[in-house]
K.L.:
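Can you read through this structure? Questions will come right after.
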There are 2 protein chains.
Amino acid sequence: MGRHREFDVDTALDAAMRVFWRKGYEGASYADLTAATGVERPALYAAFGNKEALFRRALARYYERYLDYLPEALAQPTARRVAAHLLHGAVDLNTRYPDHTGCLGINGVLAGSDDAEPVRQALIDARAAGEALLRERFDRARAEGDLPETARSDVLAAFLTAVLHGMAVQAKAGFSRDMLMAVAEHALSTWPTGGSAPSDPAS
Amino acid sequence: MGRHREFDVDTALDAAMRVFWRKGYEGASYADLTAATGVERPALYAAFGNKEALFRRALARYYERYLDYLPEALAQPTARRVAAHLLHGAVDLNTRYPDHTGCLGINGVLAGSDDAEPVRQALIDARAAGEALLRERFDRARAEGDLPETARSDVLAAFLTAVLHGMAVQAKAGFSRDMLMAVAEHALSTWPTGGSAPSDPAS
DNA sequence: TCGTTACGATAACGATCGGTATGGAATTGG
DNA sequence: CCAATTCCATACCGATCGTTATCGTAACGA
């Protein structure tokens, strides 16, 4: 009894998910959502509840649809291959779609609405500037012999900032200082040695 | 001629910076800013311009005031000590103030307004759940001998997720796939070996 | 065919957003 | 002491936010 829904719920959810992926939670307005889904506002409310519920549904769908490499990775036979599968899967996902860079779970609150774009760009620029300083410093280090000739300073700088930003996210999630310090120590444990200067175990 | 300003601009800027640190750019409303600074809205506009200009000033102040370990690190004699100083400085900053966890530059757009808190918490929980899965997987790996007895599965899981999230941030900043892959490879280069199983160079 | 049901579309709700016009008070230079 | 100037405070601006009431109508079971 009663009329049936005209739009496909799954299709609409996919479209909504892509909006959240691109603009984040607060950055995605209902104007964006209705435009992307082709579904009017009250119909979205009827089908999904409020905005938060819609976002949670979209997040769940993201996990099962795009984070499928996570259970794949966990099924790998060795820990190293688990890590490798995870890292490569993340690289792939982060760069597969040119207009959905990064990961919904992070962009979800790292991205913002459209008119916050200049601010976001300023932050990105500041980041890039810091990373460039690091890269130049590592270039000098290689020239001075305390990095091996084969070391890639751009990779080292990118790796370091990746760990730094990952730690910042973790701190926001409530990680203890000890845990963060252990993460930092592990990151250091991979530091290349073998230049003309001896490896340096200090602090 | 004319009356002088009653409030101290630097003090107000510090207070505003702390608000942005906690709530992000869009999450910080003028209601928050006036409450924190004790300065009325028109006075903030007169002193700093609009919200974006105020944020940029706050960001600059954050760099010179709290990211002072960055030039310190760059002045270290070896690349490894540069990295160490940077990592430890970041750990310190991220955990020094209980109510300003993380880094302004990342929270700046990773945090949001107060009523987005449940969504943020859902994301944090999802992240923690994934990390717990990783930790359990590494526990099993140690039991099976493909991780050394001394390996700390919690640290490995935290390190991996830190790199993953750092890469996601970098992808949002426009990093190339090759660069991200190089970062991933470097992160893998530090993977502990020495369990009963041989090290596994695959994939 | 008829009554019921739930649809889709429009428009409006109160609240809050960033940003400003308006006065009255206060402090300055002359 | 006066006039000019700049302050602070209140109140309001239009726009947009998430959310919902209203309403005509299309699709169902009987």
Side-chain angles (χ1 to χ4, degrees), chain A residues 1-13 15-17 19-20 22-59 108-109 111-122, chain B residues 1-13 15-17 19-20 22-59 108-109 111-122:
Chain A
M1 61 219 215
R3 187 175 164 184
H4 285 166
R5 192 167 272 135
E6 279 186 2
F7 63 92
D8 182 55
V9 178
D10 279 351
T11 308
L13 183 54
M17 183 199 64
V19 174
F20 283 128
R22 232 178 311 123
K23 311 188 118 193
Y25 173 64
E26 295 205 295
S29 71
Y30 266 95
D32 300 322
L33 293 170
T34 56
T37 58
V39 176
E40 292 302 325
R41 224 177 292 209
L44 285 181
Y45 275 91
F48 300 105
N50 63 5
K51 190 185 181 185
E52 179 175 340
L54 174 55
F55 179 78
R56 297 184 116 100
R57 289 281 301 272
L59 180 62
V109 249
S113 72
D114 280 338
D115 48 342
E117 180 57 33
V119 173
R120 218 160 24 246
Q121 196 57 48
Chain B
M1 62 219 207
R3 187 176 164 185
H4 286 164
R5 193 169 271 132
E6 278 187 0
F7 64 92
D8 181 57
V9 177
D10 279 351
T11 308
L13 184 54
M17 184 200 63
V19 173
F20 284 127
R22 233 179 306 122
K23 310 188 120 192
Y25 173 64
E26 295 206 294
S29 70
Y30 266 96
D32 300 322
L33 293 169
T34 56
T37 58
V39 176
E40 292 302 324
R41 218 176 301 205
L44 285 180
Y45 275 91
F48 301 105
N50 64 3
K51 190 185 179 185
E52 179 174 341
L54 174 55
F55 180 78
R56 297 184 116 102
R57 289 281 302 270
L59 180 62
V109 247
S113 72
D114 279 339
D115 48 343
E117 181 56 33
V119 172
R120 217 159 25 242
Q121 196 58 50

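Chain A is the first sequence line, chain B the second, and so forth, proteins listed ahead of strands; every chain is numbered from 1.
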K.L.:
For Phe7(B), give me all partners under ring pair (Phe, Tyr, Trp, His ring centres under 6.0 Å), at least two apart in sequence or on another chain.
P.N.:
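Not a single residue meets the ring pair (Phe, Tyr, Trp, His ring centres under 6.0 Å) criterion with Phe7(B).
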K.L.:
Say whether, by atom type as modelled, one donor and one acceptor occur between the side chain of Lys51(B) and the main chain of Ser29(B) under 3.5 angstrom.
P.N.:
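Answer holds: no.
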K.L.:
When you get a sec, tell me which of dC8(D), dG18(C), dG18(D) is the closest nucleotide to the side chain of Ser29(B)?
P.N.:
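The nucleotide sitting nearest to the side chain is dG18(C).
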K.L.:
Can you figure out which of dG18(D), dG8(C), dG19(C) approaches the side chain of Lys51(B) most closely?
P.N.:
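Closest of the options to the side chain of Lys51(B): dG19(C).
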K.L.:
Do the ring planes of Phe20(B) and Phe55(B) sit parallel (below 30°), tilted (30 to 60°) or perpendicular (above 60°)?
P.N.:
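Taking Phe55(B) first and then Phe20(B), their aromatic rings stand perpendicular (interplane angle over 60°).
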K.L.:
Taking atom types as they are modelled, would you say the side chain of Arg41(A) forms a donor-acceptor pair with the base of dT19(D) within the 3.5 Å cutoff?
P.N.:
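Donor-acceptor pair under 3.5 Å: yes.
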K.L.:
Whole Å only: how far is the CG atom of Leu33(B) from the P atom of dG18(C)?
P.N.:
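Going from CG in Leu33(B) over to P in dG18(C) covers 8 Å.
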K.L.:
Expressed as a whole number of angstroms, how long is the span from Asp115(B):CG to dT16(D):C1'?
P.N.:
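Value for this atom pair: 14 Å.
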K.L.:
Phosphate oxygens OP1/OP2 of dT19(D): is one of them under 4.0 Å from a side-chain N or O of Tyr45(A)?
P.N.:
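Yes, because at least one side-chain N or O of Tyr45(A) sits under 4.0 Å from OP1 or OP2 of dT19(D).
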K.L.:
What's the CG-P distance between Asp8(A) and dC7(C), to the nearest Å?
P.N.:
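One finds 14 Å between P of dC7(C) and CG of Asp8(A), rounded.
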K.L.:
Roughly how many Å is it from OH in Tyr30(B) to P in dT16(D), rounded to a whole number?
P.N.:
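It is 18 Å, rounded to the nearest whole Å.
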K.L.:
Which whole-number value in Å describes the distance from Leu54(A) CG to dT20(D) P?
P.N.:
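Taking CG of Leu54(A) and P of dT20(D), I get 14 Å after rounding.
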K.L.:
Using whole Å, what does the distance between atom P of nucleotide dT16(D) and atom CD of Glu26(A) come to?
P.N.:
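From Glu26(A) CD to dT16(D) P: 17 Å.
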K.L.:
Could you report the tightest heavy-atom contact between Asn50(A) and Tyr30(A), atom names first, then the distance?
P.N.:
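Result for this residue pair: C-OH, 3.5 Å.
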K.L.:
Could I get the full list of side chain to side chain donor-acceptor pair (under 3.5 Å) partners for Asp115(B), not counting sequence neighbours?
P.N.:
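By the side chain to side chain donor-acceptor pair (under 3.5 Å) rule, Asp115(B) matches Ser113(B).
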K.L.:
Give the rounded distance in Å between these two atoms: CG of Asp114(A) and P of dG18(C).
P.N.:
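Going from CG in Asp114(A) over to P in dG18(C) covers 16 Å.
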K.L.:
At 4.0 Å (heavy atoms only), tell me whether Ala47(B) reaches a base, stays on the sugar-phosphate, or touches nothing.
P.N.:
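Nothing, no nucleic acid heavy atom in range.
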K.L.:
Mind checking if Ala28(B) touches a base, just sugar-phosphate, or nothing, with heavy atoms under 4.0 Å?
P.N.:
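Answer is sugar-phosphate: Ala28(B) comes under 4.0 Å of backbone atoms only.
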K.L.:
Can you see if the side chain of Asn50(B) gets near the phosphate of dG19(C) - specifically, an N or O under 4.0 Å from OP1 or OP2?
P.N.:
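Checking dG19(C) against Asn50(B), a side-chain N or O does come within under 4.0 Å of OP1 or OP2.
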K.L.:
Checking contacts here: which listed nucleotide (dT20(D), dG8(C), dT19(D)) is nearest the side-chain heavy atoms of Pro42(A)?
P.N.:
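My answer, after comparing the listed nucleotides, is dT20(D).
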K.L.:
Could you please name the option among dA9(D), dG18(D), dA9(C) that lies closest to any side-chain atom of Glu40(A)?
P.N.:
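In terms of side-chain proximity for Glu40(A), the closest of dA9(D), dG18(D), dA9(C) is dA9(C).
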K.L.:
Expressed in angstrom and rounded to an integer, what is the separation of Leu44(B) atom CG from dA9(D) atom P?
P.N.:
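Leu44(B) atom CG is separated from dA9(D) atom P by 11 Å.
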